[in-house]
Participant: 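Before I ask anything, here is the structure I am working with.
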Number of protein chains: 2
Amino acid sequence: MTDETRYQLLRRLATNPDTNQRQLAAELGISLGKLNYCLQALISKGWVKAGNFSRSSNKKGYAYLLTPSGIEAKARLTIAFLHRKMAEYEQLHQEIETLRQEVHALQQKPAEGPQ
Amino acid sequence: MTDETRYQLLRRLATNPDTNQRQLAAELGISLGKLNYCLQALISKGWVKAGNFSRSSNKKGYAYLLTPSGIEAKARLTIAFLHRKMAEYEQLHQEIETLRQEVHALQQKPAEGPQ
DNA sequence: GCGTGACGGTTCAGCGGATGAACAATACGC
DNA sequence: GCGTATTGTTCATCCGCTGAACCGTCACGC
């Protein structure tokens with residue numbers, strides 16, 4: 001399981017603890033089996049607790065609540081992610097610059113066009 | 001096979017046609033098997049031709065040369081990639097902004113710190 | 001020429017993660 | 001109670017990737 005998935009899941013649960021697994025899976029763009037697996041991982045880490053109450057109108061299923069250590073972990077992951085994403089951003093900037101130059105070069109000498 | 005791999009491979013071959021498959025695989029960060037598969041795909045598309053001459057000092061192996069239609073395809077892919085990467089760049093910008101706000105919120109209320 | 005070693009391309013059994021259909025458990029309405 | 005609907009859980013299956021093993025070829029020494 002990637003950090004990305006773990007983080008997105010914690011993020012989702014922090015704001016919407018009463019969402020069923022199928023919907024969570026759909027929202028994160030992963031399969032039901034994988035989501036279930038990730039969720040169990042978070043639970044066994046003690047970051048999430050499955051309370052069997054609530055779920056507004058419908059009493060089935062669980063509510064997946066972040067534990068205090070889960071909240072802490074989410075904070076840590078958030079900061080780590082910010083840094084990671086900023087690095088990706090910079091790298092993407094470089095890639096784009098390279099691509100721009102390549103495209104520019106193409107437009108300089110469109111010699112070998114069709115025909 | 002991803003477009004990314006396809007593009008990177010064409011890019012590599014355009015500048016260094018006389019590189020063996022093991023080295024190409026290492027440079028692209030993929031396995032030998034996958035590289036071979038991708039290369040065959042490009043060849044069967046008529047974008048790359050394996051000439052069995054050259055390879056400077058050492059006469060073994062092939063030189064993988066881009067055909068005219070391969071050059072054309074590379075140009076198309078380059079432009080498509082520039083657009084895609086720019087979109088990613090924008091999206092990443094958004095994500096970073098969101099993360100910044102989350103981090104900011106954390107620093108506002110570090111109430112539930114350890115102890 | 002022949003043998004041999006090194007190198008490069010090709011193959012494919014095996015691995016690992018992801019999938020989602022099927023199953024089990026629970027709550028609801030009657 | 002019973003049937004149905006909803007949800008969590010499992011696991012056979014798939015699929016792409018891996019890299020060790022294999023085969024052909026070339027260069028060198030004899």
Side-chain angles (χ1 to χ4, degrees), chain A residues 1-67 70 77 84, chain B residues 1-67 70 77 84:
Chain A
M1 180 189 30
T2 56
D3 280 1
E4 180 83 32
T5 306
R6 214 187 329 265
Y7 170 68
Q8 294 297 346
L9 187 48
L10 282 178
R11 182 167 157 55
R12 196 85 217 162
L13 295 179
T15 51
N16 283 57
D18 57 349
T19 308
N20 69 39
Q21 293 192 8
R22 274 164 238 270
Q23 194 175 334
L24 282 171
E27 286 173 358
L28 299 195
I30 60 178
S31 72
L32 179 59
K34 184 177 178 183
L35 181 109
N36 183 267
Y37 177 77
C38 292
L39 203 46
Q40 297 306 331
L42 295 186
I43 290 173
S44 76
K45 273 189 169 158
W47 289 359
V48 172
K49 185 151 194 301
N52 57 353
F53 61 103
S54 111
R55 185 68 58 82
S56 52
S57 59
N58 176 339
K59 292 283 186 290
K60 294 177 207 165
Y62 296 135
Y64 301 102
L65 299 162
L66 267 61
T67 64
L77 282 179
R84 182 187 306 186
Chain B
M1 178 191 27
T2 56
D3 279 1
E4 181 82 31
T5 305
R6 213 185 332 262
Y7 169 68
Q8 293 296 346
L9 187 47
L10 282 178
R11 183 167 155 56
R12 198 83 217 164
L13 295 180
T15 52
N16 283 57
D18 56 349
T19 309
N20 68 37
Q21 294 192 7
R22 275 163 237 271
Q23 193 175 336
L24 283 171
E27 286 173 358
L28 298 195
I30 60 178
S31 72
L32 179 59
K34 183 176 178 182
L35 180 109
N36 183 269
Y37 178 78
C38 293
L39 204 46
Q40 298 306 331
L42 295 186
I43 290 172
S44 74
K45 273 190 168 158
W47 290 358
V48 171
K49 187 152 193 304
N52 57 354
F53 61 105
S54 112
R55 186 70 58 81
S56 53
S57 58
N58 176 341
K59 292 282 185 287
K60 294 177 209 167
Y62 296 135
Y64 301 102
L65 300 162
L66 267 61
T67 64
L77 282 178
R84 181 187 304 184

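Proteins get letters first, then strands, A, B, ... in listed order; numbering begins at 1 in each.
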Participant: Figure out the CD/C1' separation between A:Gln40 and D:dG8, and round it to whole Å.
Facilitator: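 In whole Å, D:dG8 C1' lies 9 Å from A:Gln40 CD.
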Participant: Measure from CG on A:Asn20 to C1' on C:dA27 and round the result to the nearest Å.
Facilitator: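 Taking CG of A:Asn20 and C1' of C:dA27, I get 15 Å after rounding.
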Participant: Nearest whole Å is fine: how far is D:dG16 P from B:Leu35 CG?
Facilitator: 17 Å
Participant: Measure CD1/A:Ile43 against C1'/D:dT9 and give the value in whole Å, please.
Facilitator: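 Interatomic distance, CD1 of A:Ile43 to C1' of D:dT9: 12 Å.
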Participant: Would you mind reading off the distance between A:Leu39 atom CG and D:dT7 atom P, rounded to a whole angstrom?
Facilitator: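 Computing the A:Leu39:CG to D:dT7:P distance gives 15 Å.
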Participant: Should A:Lys34 and A:Thr5 count as side-chain neighbours, where that means a heavy-atom distance under 4.5 Å?
Facilitator: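 A side-chain contact exists here, since the closest heavy-atom pair is under 4.5 Å.
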Participant: Nearest whole Å is fine: how far is C:dG17 C1' from A:Leu32 CG?
Facilitator: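 A:Leu32 atom CG is separated from C:dG17 atom C1' by 15 Å.
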Participant: Would you say A:Thr19's side chain and A:Leu24's backbone share a donor-acceptor pair under 3.5 angstrom?
Facilitator: no
Participant: Can you confirm whether B:Leu32 sits close enough to B:Asn36 that some side-chain heavy atom of one is under 4.5 Å from a side-chain heavy atom of the other?
Facilitator: no
Participant: Once you round it to whole Å, what is the distance between P of C:dG8 and OH of B:Tyr64?
Facilitator: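 Spelled out: OH on B:Tyr64 to P on C:dG8 is 10 Å.
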Participant: Select one nucleotide: of D:dT9, C:dA18, C:dG8, the one nearest the side-chain heavy atoms of A:Ser31.
Facilitator: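 Minimum distance to the A:Ser31 side chain belongs to C:dA18.
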Participant: Does C:dG9 have its OP1 or OP2 closer than 4.0 Å to a side-chain nitrogen or oxygen of B:Asn36?
Facilitator: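 Indeed not, no polar side-chain atom of B:Asn36 lies that close.
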Participant: Heavy-atom nearest nucleotide on DNA chain C for A:Tyr37 versus B:Tyr37: which residue maps closer to 5'?
Facilitator: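 The 5'-side residue here is B:Tyr37.
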Participant: How about A:Arg84 and A:Asp3: do any of their side-chain heavy atoms sit closer than 4.5 Å?
Facilitator: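 A side-chain contact under 4.5 Å exists here.
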Participant: Quick check: on DNA chain D, is the nucleotide nearest B:Met1 upstream (toward 5') of the one nearest B:Arg22, or the reverse? Name the residue that is more 5'.
Facilitator: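 Closest to the 5' end, via its nearest nucleotide, is B:Met1.
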Participant: Below the 4.0 Å mark, does D:dT18 have OP1 or OP2 next to a side-chain nitrogen or oxygen of B:Lys34?
Facilitator: no
Participant: Specify the separation, in whole Å, of atom CD of B:Gln21 and atom C1' of C:dT10.
Facilitator: 8 Å
